[in-house]
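Here is the structure we will look at.
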Amino acid sequence: MGPIVIVLIILVVLVFIALIKTIQVIPQASAAIVERFGRYTRTLNAGLNIVVPFIDTIRNRIDLREQVVPFPPQPVITQDNLVVNIDTVIYYQVTDARAATYEVASYIQAIEQLTVTTLRNIIGGMDLERTLTSREEINAALRGVLDEATGKWGIRVNRVELKAIEPPTSIQDSMEKQMRADRDKRAAILTAEGIRQSQILTAEGEKQSAILRAEGEAKAAALKAEGEAQAIRTVFESIHAGDPDQKLLSYQYLQMLPKIAEGDANKLWIVPSEIGDALKGLSGAIGNFGPMSGGSGGQGTVPAPATGMERREKPSITD
C-alpha cells in the first residue's frame with residue numbers, strides 16, 4: 001500500500017502540473033509567443049488558450065498597449081558648433097509580437113540608439129536659434145525616421161516629443177542678457193509711445209478747449225450785440241410812440257451841454273450849430289409866459305444866435 005499511494009500521489013501531481021501547463025490565460029492587450037522544441041509555432045492572444053504541456057513553452061509575453069519611454073539627455077552638436085543636451089520621450093506600440101521578439105534583440109535599446117543618431121543628423125543641419133524654435137519640425141522629422149525604421153520590428157512610433165533643449169551655460173547667459181535688453185527696449189518704446197500719445201491728447205484737448213472757448217465768446221458777443229440792438233430799437237420805438245415836441249427835445253439838448261465841458265483838461269470846446277435851433281425852441285417856450293420889460297417898454301424878444309459852428313474858449317481858472 002505504501003508504494004502504490006506514493007505513485008498515485010506522484011501521478012496526481014504530474015496531472016495537476018500538466019493541466020497548469022496546458023491551460024494558459026493571456027490578459028487583455030497582451031500576447032504570448034509559443035515555441036515547440038525551440039521553434040516558433042504560434043502567438044497566443046488574450047483569453048484562455050490550450051498548449052501541449054512539456055512540449056510547447058511560452059517564450060515571451062508582450063504588452064500590446066502604448067508605451068512611454070523617456071530617454072536620458074543626449075549631447076548633440078548644432079550647425080554652429082554648439083553642444084546642446086536634448087531630452088526625448090517616445091510613445092510607441094507593439095503591433096506584431098512575433099517581429100518584436102525575433103526581428104530585434106531589444107527593441108527598447110534599438111529605439112533609443114536610433115533616436116540618438118537621428119537627432120544628431122537633424123540637429124547637425126540647424127543652428128542654435130533654429131533648434132530652439134523648431135521643435136515641431138524636429139519632432140515630425142524624428143517620428144518619420146523612427147516609424148519607418150521600426151516598422152519591420154513590429155513597432156509603431158505614435159509620437160516623439162522633445163522634453164528639453166539645454167544650450168551651454170554661457171549661451172544661456174548671453175540669451176538672458178539679450179532677452180533682458182529686448183524687454184528694456186520694448187519698455188522704453190512703450191514709454192515713449194505713451195508720452196507721445198499723452199502729449200497728442202493734451203494738445204487735442206487744448207485745441208478743442210480753445211475752439212469751444214472762442215465759439216462761446218463769439219456767441220456771447222453776438223448775443224450782447226443783439227441785446228444792445230434790441231434795446232436801442234426799443235428806446236427808438238418808445239420815443240416815436242411818445243411823439244415828443246420840439247420844446248422837450250430842446251430842453252434835453254441843453255441839459256447835455258454841461259457834460260460836454262466837464263473835465264479839467266478841456267481848454268477848448270465847440271458849440272454845435274444845432275444849439276441855435278434849440279435856443280429858438282426854448283425862447284419860444286419862454287415867450288409864451290408873457291411880455292418881458294425892455295428899454296422901450298415893448299415886448300421883449302430873445303435874439304437867436306447865429307447859425308453855424310461857434311468856437312468858444314473855456315476861461316482858464318487862475319489862482
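A continuous path of ILVMFWY side-chain contacts below 4.5 Å connects Val52 to Phe37, so both sit in one hydrophobic cluster. Note on Val116 and Ile155: separate hydrophobic clusters, where clusters join Ile, Leu, Val, Met, Phe, Trp and Tyr whose side-chain heavy atoms are under 4.5 Å apart, directly or indirectly. No continuous path of hydrophobic side-chain contacts links Ile23 to Leu44 [ILVMFWY only; heavy atoms under 4.5 Å]. Under the 4.5 Å side-chain contact rule for hydrophobic residues, Leu14 and Ile6 share a cluster. By the criterion of side-chain heavy atoms lying less than 4.5 angstrom apart, applied directly or through intervening Ile, Leu, Val, Met, Phe, Trp or Tyr residues, Val68 is not grouped with Leu119; the two fall into different hydrophobic clusters.
Every residue meeting the salt bridge (Lys or Arg N to Asp or Glu O under 4.0 Å) condition with Glu161, not counting sequence neighbours, appears here in chain and number order: Arg159. For Arg213, the side-chain hydrogen bond (donor to acceptor under 3.5 Å, both in side chains) criterion is met by Ser209, not counting sequence neighbours. For the salt bridge (Lys or Arg N to Asp or Glu O under 4.0 Å) test, no residue two or more places apart in sequence or in another chain qualifies with Glu166.
Put simply, the side chain of Val84 does not reach to within 4.5 Å of the side chain of Leu132, judged on heavy atoms. By the 4.5 Å heavy-atom criterion applied to side chains, Asp63 and Val94 are not counted as neighbours. Put simply, the side chain of Ile58 reaches to within 4.5 Å of the side chain of Val34, judged on heavy atoms.
Here Tyr102 is tied into one hydrophobic group with Ile33, Tyr40, each link being a pair of ILVMFWY side chains closer than 4.5 Å.
Under a 4.0 Å N-O distance rule, the pair Lys207/Glu204 does not qualify as a salt bridge.
A donor-acceptor distance shorter than 3.5 angstrom exists from the side chain of Gln67 to the backbone of Arg65, with no hydrogens or angles considered. Looking only at distances, a side-chain donor or acceptor of Asn139 sits under 3.5 Å from a matching main-chain atom of Arg135. At distances below 3.5 Å, at least one donor-acceptor pair connects side-chain atoms of Thr191 with backbone N or O atoms of Ala187.
A side-chain contact (heavy atoms from CB on, under 4.5 Å) with Met126 holds for exactly one of Thr133, Thr131, Val76; it is Thr131.
Atom-to-atom distance recorded for Thr115:OG1 and Ile90:CD1 is 4.0 Å, nearest 0.5 angstrom. The structure places CD1 of Ile111 at 6.0 Å from OG1 of Thr150, a figure rounded to the nearest 0.5 Å. Summarising the geometry, atom CG belonging to Asp127 is positioned 9.0 Å from atom CG belonging to Leu82; distances are rounded to the nearest 0.5 Å. The structure places CD of Gln109 at 12.5 Å from CG of Leu114, a figure rounded to the nearest 0.5 Å. How far OG1 of Thr41 is from CD of Glu35: 7.5 Å, rounded to the nearest 0.5 Å. In this structure, CG on Leu64 lies 6.0 Å from OG on Ser30, to the nearest 0.5 angstrom.
Screening residues 72-83 for side chain to side chain donor-acceptor pair (under 3.5 Å) gives Thr78-Asp80 as the qualifying pairs, with residues at least two apart or on separate chains. Under the side chain to side chain donor-acceptor pair (under 3.5 Å) criterion, the residue pairs touching residues 83-99 are Gln93-Arg156, with sequence neighbours excluded.
In this structure, Thr101 and Arg59 approach most closely via the heavy-atom pair CG2-CG, 4.3 Å. Closest approach of Tyr107 to Ala100, counting heavy atoms only: CD2-O, 3.7 Å. Smallest separation of non-hydrogen atoms from Ala97 and Ile62: O-CD1, 3.4 Å. Closest heavy-atom contact between Ala29 and Ala46: N-CB, 4.4 Å. Residues Pro73 and Pro75 approach most closely at O-CD, 4.1 Å, considering heavy atoms. Closest non-hydrogen pair, Thr43 versus Ala31, comes out as CG2-CB, 4.0 Å.
No more than 12 heavy-atom neighbours from other residues, nucleotides or ligands sit within 6.0 angstrom of CD1 on Ile77.
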Show the numbers, then the answer: is there a side chain to side chain contact (heavy atoms under 4.5 Å, CB included) between Arg61 and Ile26? CA-CA 9 Å; Arg61 295 177 182 269; Ile26 307 300; 3.2 Å; yes
